[in-house]
Amino acid sequence: PTIAIIVAALKPELAIGYQGKMPWRLRKEIRYFKDVTSNTSDSTKINAVVMGRKTWDSIPPKFRPLPDRVNVVLSRSFENEVTEDNVIHANSIASSLKQLKELYSSKVERVFIIGGAEIYNELINDKNVSHLLLTEIQNTNKDKEIPVDTFLKFPLYTGDSQWTRSSKSELQKFVGDNITIEDDVVEGDFKYNFTLWNKK
Ligand SMILES: NC(=O)C1=CN([C@@H]2O[C@H](COP(=O)(O)OP(=O)(O)OC[C@H]3O[C@@H](n4cnc5c(N)ncnc54)[C@H](OP(=O)(O)O)[C@@H]3O)[C@@H](O)[C@H]2O)C=CC1
Ligand SMILES: CCc1nc(N)nc(N)c1C#CCc1cc(OC)cc(-c2ccc3c(c2)OCO3)c1
C-alpha cells in the first residue's frame, strides 16, 4: 500500500512540537488530519496510522485509539502483538508493516506515518515512503514568539532535494473529492496551507 508521511509544521524552521506536545491547537487542521487519514477510495478497505510511542502517549486517552483506522504504535521495548483494544504493537517499522500485511492482508489501503519527530526523521529517507502531506503553518503575529523545541530534518527546500511539491489539483486527487481543501486557513495568529509533496 501507499505509505505517506502526514505532518503539520511551522515555517521556516519546520517546528512540530514543544515539551512533548503540539505547539498549537488548530481545529480545521485536526479535522483535515482525521478526514485524510480516515478516507479510503475503496469502501471495503481501511487505512492505518503508524506512530511513535511518545506520540501515542501524548494523544488524549479519550481520543485513542484513533477511530476507523488501524492504529500501530512503535516502541523498541514492545513485543510484536495486538493489544486488547486492537492496537498493533511493533518494535520496528519493518515488523509493523509485516504485521499489517499478515493481519489485514489487502484490507489496508494507505499507511500514514503520523509522528513524531524521531519517526518522521527516520522515515523521510525510507524508499517505501512515496508521499508527504505537509501542512505549512506561518505565524502572522511578528510580536509573538511561538515556543517550539522539536523540528523536522526534512530536506525539502534545498536545491538538491529529492522531494517536489505537487499542485493543488494533485493534492485534491490524492485526498479525494469529498474532502474540501481550503487555502490560507487562518486560526488565531496562525495561517496555514495544505500541501502534497512526492519524490522526483
Ligand atoms: N506537528 C505534528 O504534525 C506532530 C507533532 N508531533 C510532536 O512530536 C513530538 C513527539 O516526537 P518524539 O519525541 O520524537 O517521539 P515519537 O512520537 O517519534 O516516539 C519516539 C519513540 O518511538 C519509538 N521508536 C522510534 N523509532 C523507532 C524504531 N525505529 N523502532 C521501534 N520504535 C521506535 C521509541 O519508543 P521507546 O522509547 O518506547 O523505545 C521512541 O522513544 C511531540 O512534541 C508531538 O507533539 C507528533 C505528531 C504530529
Ligand atoms: C492532528 C494533528 C496532526 N496534523 C497533521 N497534519 N499531521 C499529523 N500527524 C497530526 C498528528 C498527530 C498525532 C496527534 C497528536 C496529538 O497530541 C500530540 C493529538 C492528536 C489528536 C488526534 C485526534 C484528535 C485530537 C488530537 O483532538 C480531537 O481528535 C493527534
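Whatever order the structure lists them in is the order used to number ligands and atoms, beginning at 1. Along the sequence shown, residues are numbered consecutively beginning with 1.
Distance from atom 37 (O) of ligand 1 to its nearest protein heavy atom, with residue and atom name: Arg53 NH2, 2.8 Å. For atom 14 (O) of ligand 1, the closest non-hydrogen atom of the protein is Glu118 N, 2.8 Å. Nearest to atom 4 (C) of ligand 1 among the protein's heavy atoms is Met22 SD, 3.5 Å. In this structure, atom 12 (P) of ligand 1 lies nearest to the protein heavy atom Ala117 N, 3.8 Å. In this structure, the protein non-hydrogen atom closest to atom 1 (N) of ligand 1 is Ala8 O, 2.8 Å. When only non-hydrogen protein atoms are considered, atom 21 (C) of ligand 2 lies nearest to Ile59 CG2, 4.4 Å. When only non-hydrogen protein atoms are considered, atom 3 (C) of ligand 2 lies nearest to Glu29 OE1, 3.6 Å. Distance from atom 10 (C) of ligand 1 to its nearest protein heavy atom, with residue and atom name: Thr55 OG1, 3.9 Å. Atom 18 (C) of ligand 2 has as its closest protein heavy atom Ser58 OG, 2.9 Å. Looking from atom 2 (C) of ligand 2 to the surrounding protein, the closest heavy atom is Met22 CE, 3.3 Å.
Nearest to atom 48 (C) of ligand 1 by heavy-atom distance, out of Val7, Asn91, Ile114, is Ile114. Closest heavy-atom approach to atom 38 (O) of ligand 1 among the candidates Ser75, Ser96, Ser77: Ser75. Proximity annotation for atom 11 (C) of ligand 2: of Tyr120, Phe33, Tyr192, Phe33 comes nearest, heavy atoms only. Summarising the contacts of atom 9 (N) of ligand 2 with Ile6, Leu133, Leu26, the nearest heavy atom is found in Ile6. Evaluated by nearest non-hydrogen atom to atom 45 (O) of ligand 1, the leading choice among Arg76, Lys21, Lys54 is Lys21. The nearest non-hydrogen atom to atom 23 (C) of ligand 1, considering only Leu74, Leu123, Asn121, Val148, comes from Leu74. Between the choices Trp56, Tyr32, Phe63, the shortest heavy-atom distance to atom 29 (O) of ligand 2 belongs to Phe63. One option in Val36, Ile5, Leu66, Ile137 has a heavy atom closer to atom 22 (C) of ligand 2 than any other, and that option is Leu66.
Between Val185 and Thr135 the shortest side-chain heavy-atom distance does not fall below 4.5 Å. Side-chain contact between Phe154 and Leu134: absent, with no pair of heavy atoms (C-beta onward) separated by less than 4.5 Å. Residues Ser38 and Arg69 form a side-chain contact, since some pair of their non-hydrogen atoms from C-beta on lies under 4.5 Å apart. Proximity of Lys144 to Ile146: side-chain heavy atoms (C-beta onward) are separated by under 4.5 Å at one or more points. Looking only at side-chain heavy atoms (C-beta outward), Lys34 and Asp68 stay at 4.5 Å or farther from each other. The shortest side-chain heavy-atom distance between Ile113 and Val7 does not fall under the 4.5 Å cut-off. In this structure, the side chains of Val111 and Val72 stay at 4.5 Å or more apart for every pair of heavy atoms. You'll find the side chain of Asn91 stays beyond 4.5 Å of the side chain of Glu79, heavy atoms only.
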Task: Intermediate values then yes/no, side-chain contact (heavy atoms from CB on, under 4.5 Å), Ile93 and Leu74 - done: CA-CA 7 Å; Ile93 311 278; Leu74 299 176; 3.3 Å; yes
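Close contacts of ligand 1 with Gly116, meaning ligand atoms under 4.0 Å from a residue heavy atom, involve 8 (O), 11 (O), 16 (P), 17 (O), 18 (O), 46 (C). Atom numbering of ligand 1 starts at 1 in the shown order; those under 4.0 Å from a heavy atom of Gly17 are 43 (O). Against a heavy-atom cut-off of under 4.0 Å, Tyr120 is close to the following atoms of ligand 1: 3 (O), 48 (C). Near Thr135, meaning under 4.0 Å from any of its heavy atoms, are these atoms of ligand 2: 6 (N).
Note: no N/O pair closer than 3.5 Å links Thr55 and ligand 2 by distance alone. At a 3.5 angstrom cut-off on N or O pairs, Ile16 counts as close to ligand 1. Inclusion of Ile114 in the set of residues having an N or O under 3.5 Å from an N or O of ligand 2 is warranted. Between Glu122 and ligand 1, a contact under 3.5 Å exists for at least one N or O pair.
Arg76 has a carboxylate O that lies under 4.0 Å from a charged side-chain N of Glu118, or vice versa, which qualifies the two as a salt bridge.
Checking Tyr192 against Glu187 by side-chain atom types alone, a donor-acceptor pair falls below 3.5 Å. A side-chain donor-acceptor contact under 3.5 Å links Thr44 and Asp42. Thr40 and Glu109 are not linked by any side-chain donor-acceptor pair at a separation below 3.5 angstrom, with hydrogens and angles left out of the test.
Every heavy atom of Phe194 sits 4.0 Å or more from the atoms of ligand 2. Within the 4.0 Å heavy-atom shell around ligand 2 one does not find Lys21.
Judged purely by atom type and a 3.5 angstrom limit, Asn39 uses its side chain to pair as donor or acceptor with the backbone of Val175. The main-chain N or O of Arg110 is never found under 3.5 Å from a side-chain atom of Thr2 such that the two would form a donor-acceptor pair. Looking only at distances, a side-chain donor or acceptor of Asp149 sits under 3.5 Å from a matching main-chain atom of Gln19.
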